[in-house]
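Taking it in order: structure first as structure tokens, then the write-up.
Everything numeric in this text was worked out from a predicted model, so none of it was measured. The sequence lines fix the lettering, A, B, ..., with proteins before strands; numbering per chain opens at 1.
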Amino acid sequence: MMAETKAGPTDEYYAQRLQKAERLRKLGRNPYANDFRPTHTAAQIHAMWSDRTGAALEAESVAVAIAGRVVAVRAFGKAAFLKCQDRTGSIQLYIQRDVLSVADYEIYECLDLGDIVSVKGVLFRTKTNELTIRAGPFAIVTKALRPLPEKWHGLADVETRYRQRYLDLIANPGVREAFQTRARILEAIRAYFHEQDYLEVETPMMHPIPGGAAARPFVTHHNALDCDLYLRVAPELYLKRLVVGGMERVFEINRNFRNEGISTQHNPEFTMVEWYESYATFEEQMRHTEAVIAYVCKSVLGTTTVEYQGTVLNFTPPFARYRMIDAVGRIGNVPEAELCKTSGIALVELFERLVQPKLIQPTFITHYPVEVSPLARRNADDPSVTDRFELIVYGREIGNAFSELNDPVDQAERLRQQAEAKTKGDEEAMFYDADFVTALEHGMPPTAGASLGIDRLVMLLTNAPSIRDVILFPLLRPEQVECRPATPTP
RNA sequence: GAGGCGCUAGCUCAUUCGGUAGAGCAUCGCCCUUUUAAGGCGAGGGUGCCGGGUUCGAAUCCCGGGCGCCUCACCA
């Protein structure tokens, strides 16, 4: 009985392949057996024997056992070359009727493009000098009932690539590479903070009161407690509670959820690294930000200059720095006289419109107005601005940091103002979080915190034009209108 | 949320003015034991995203809807 999937039971490919699976069973072979253990990966075979000549391989008679998906078949009457792909790459297999046992050749006759096979054999070189496994014992370990996308053009339809990412990963090798790079970037970030004596922590994703960023939250409901909860928009307020508790250097790499628009720069759930260091200011955090990005670039790419969409970006510290008001004046060409009478909120608007798109190379913009920075410490010389910066690269906001406000009385007042703005209809204003204020009242050491948008950083380092290219399963509208379970949970 | 573009075979794409929908790959059959998008001969395969409308006749024109992509707005 056919499950509820895309192709109907009359699907030609499905029927043919199902028949071959049955034929395998009649031959006494389980088309989904799990009794094979490879001795090597494709990459290991290439690494270990790529320097051997054909004659040397004949002399050594190297036996290997590998498994992988058949992604290309070039068949002759009684022989065939298969391209076998595993997690590390691919290796060619050579099937010959008079080398395989009669039973194994029957198995081969049940093979379709896309099946996962196991093979034991010895290495040799073909006429064209390609390192190849001459197949001996041969099995189909997983029968694929659906065909692969076309071999030459690959899978191009972006919607299918995102909805059925596994096909994208099989058909488009660059995709796996991008996500391997993403993983290495995360490893490097962790390594950097561990080297700096930071402790990695995990704080709640479900918040009774969302906070730490100006953003609309997702709402959910806990049945047993019968209360609404919000998916976190930022870990900030929890990480600062940990600093109050004596964790003077903490970082967290995790998801944030913001109920806002989707674009090439925005996914509703996205990954940030956020870190806090006591007895430091935003000045030190600028140095950490430069350093961690340079560290990542060097360990992942081997260089701090990277080409992004045709532009060379130079991540070699130090990055350029401008106070916001200076950036708007000098880069935005807004006259001094006009800047003096501009409100903080209007200044930020001018910055985002006139300056930010022009900031291609990594640039710190510092001293954001206090109105847009309810959690940041005021500047000692100018209380209308905060000791805060954002990092802009290629016109995009990549990071945000500030010296933390640790005066509980000032913090309470600023949160009251946010709450008031919320009651007046500002949906992105923050809630008043009394529990957080209480934590500050117990004393948070002078601290500076910072964050980096991981997805956007990965985009820059993998030359990805869209955030969906660096998120395995970006949010798409469900294909069926009905996305709730048929029976609602009581 | 607004505008633009797209949706045709399993995949990648054609289809000039509205007149019985095509190719390559894939599939099936035959030949073929060193290929690299193997090759040769032959065959099958279509809800043209969905629903209306106009028309003798719609993949094509019109209206509505769906999904995606891009740009803008919001945002990180």
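Between F402(A) and Y368(A), the ring center distance fails the sub-6.0 Å criterion. Ring to ring, H288(A) and Y295(A) are not that close: their centroids are 6.0 angstrom or more apart.
Comparing the same atom, C1', in U8(B) and in U47(B) gives a spacing of 12 Å after rounding to whole Å. Here, A37(B) and C25(B) have their C1' atoms 8 Å apart, quoted to the whole Å. When the C1' atom is compared between G10(B) and G44(B), the two are found 14 Å apart, to the nearest whole Å. A distance of about 29 Å separates the C1' atoms of A2(B) and G48(B), rounded to the whole Å. Across the P atoms, U54(B) and G66(B) are found 23 Å apart, a figure rounded to whole Å. Of the C1' atoms belonging to A58(B) and C49(B), the separation is 16 Å, rounded to the nearest Å. U27(B) and G46(B) have their C1' atoms separated by 15 Å, given to the nearest Å. With both ends at atom P, the span from G3(B) to G18(B) equals 27 Å, rounded to whole Å.
Between U34(B), C28(B), A73(B), one nucleotide has an atom nearer to the side chain of Y94(A) than all others, and that is U34(B).
Residues K240(A) and Y276(A) form a side-chain contact, since some pair of their non-hydrogen atoms from C-beta on lies under 4.5 Å apart. Side-chain contact between Y394(A) and Q309(A) is present, with heavy atoms from C-beta onward closer than 4.5 Å.
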Heteroatom pairs (N/O) under 3.5 angstrom, protein to nucleotides 29-32 of chain B:
{"from": "C32(B)", "atom 1": "N3", "to": "G77(A)", "atom 2": "N", "distance (Å)": "3.3"}

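At C74(B), none of the side-chain N or O atoms of R258(A) fall inside 4.0 Å of OP1 or OP2 (strictly under the cut-off). Phosphate proximity of A38(B) to R74(A): present, with a side-chain N or O under 4.0 Å from OP1 or OP2. For R468(A), a side-chain nitrogen or oxygen approaches OP1 or OP2 of C70(B) to under 4.0 Å.
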(request) With salt bridge (charged side-chain N to carboxylate O under 4.0 Å, His left out) as the test, would you mind laying out the steps for E283(A) and R321(A) before giving the verdict? (result) CA-CA 11 Å; E283(A) 299 273 353; R321(A) 299 182 183 190; 3.5 Å; yes

(request) For V273(A) and E252(A), run side-chain contact (heavy atoms from CB on, under 4.5 Å): C-alpha distance rounded to whole Å, both residues' side-chain angles, the deciding distance at 0.1 Å, then the answer. (result) CA-CA 6 Å; V273(A) 55; E252(A) 175 164 10; over 6 Å; no

(message) Assess the residue pair E22(A) and R25(A) against the criterion (salt bridge (charged side-chain N to carboxylate O under 4.0 Å, His left out)); give the C-alpha distance rounded to whole Å, side-chain angles, the decisive distance to 0.1 Å, and a yes or no.
(response) CA-CA 5 Å; E22(A) 277 314 301; R25(A) 287 198 169 96; 3.0 Å; yes

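Of all nucleotides present, none satisfies the Watson-Crick or G-U wobble test against U35(B) with each distance under 3.5 Å. Under the Watson-Crick or G-U wobble criterion, with both distances below 3.5 Å, C7(B) is paired with G66(B). Base pairing annotation: G57(B) forms no Watson-Crick or G-U wobble pair, as no partner gives both donor-acceptor distances under 3.5 Å. Pairing partner, A43(B): U27(B), with both Watson-Crick or wobble hydrogen-bond distances short of 3.5 Å. When both distances must be under 3.5 Å, the Watson-Crick or G-U wobble mate of C72(B) is G1(B).
Looking at heavy-atom distances under 4.0 Å, S451(A) makes no contact with the nucleic acid at all. Across all strands shown, E130(A) has heavy atoms under 4.0 Å from base atoms, whether or not it also approaches the sugar-phosphate. Residue Q96(A) is in base contact, counting any heavy-atom pair closer than 4.0 Å across all strands shown. Residue R456(A) is classed as a base contact, given a heavy-atom separation below 4.0 Å to a base. Contacts of N129(A) with the nucleic acid, taken as non-hydrogen atoms under 4.0 Å apart, are absent.
A cation-pi geometry, defined here as NZ or CZ lying under 6.0 Å from the six-membered ring centre and within 45° of its normal, holds between R241(A) and Y238(A).
Shown here are the side chain to side chain contact (heavy atoms under 4.5 Å, CB included) partners of F76(A), two or more places apart in sequence or in another chain: F81(A).
Within the 3.5 Å criterion, the main-chain N or O of Q361(A) finds a donor-acceptor partner in the side chain of T363(A).
Looking at E274(A) and S451(A), their side chains never bring a donor and an acceptor atom within 3.5 Å of each other.
The stacking criteria are not both satisfied for W152(A) over the base of G24(B), which would need a centre-to-centre distance under 5.5 angstrom and an angle between ring planes under 30 degrees.
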(request) Going 5' to 3' through nucleotides 8-13 of chain B, assign each nucleotide B (protein heavy atom under 4.0 Å from a base atom), S (under 4.0 Å only from sugar-phosphate atoms) or - (no protein heavy atom that close). (result) --BBS-

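One N or O donor and one acceptor, one from the side chain of Q92(A) and one from the base of U35(B), sit under 3.5 Å apart.
Glycosidic conformation of C17(B) is syn; the angle stays within 90° of 0.
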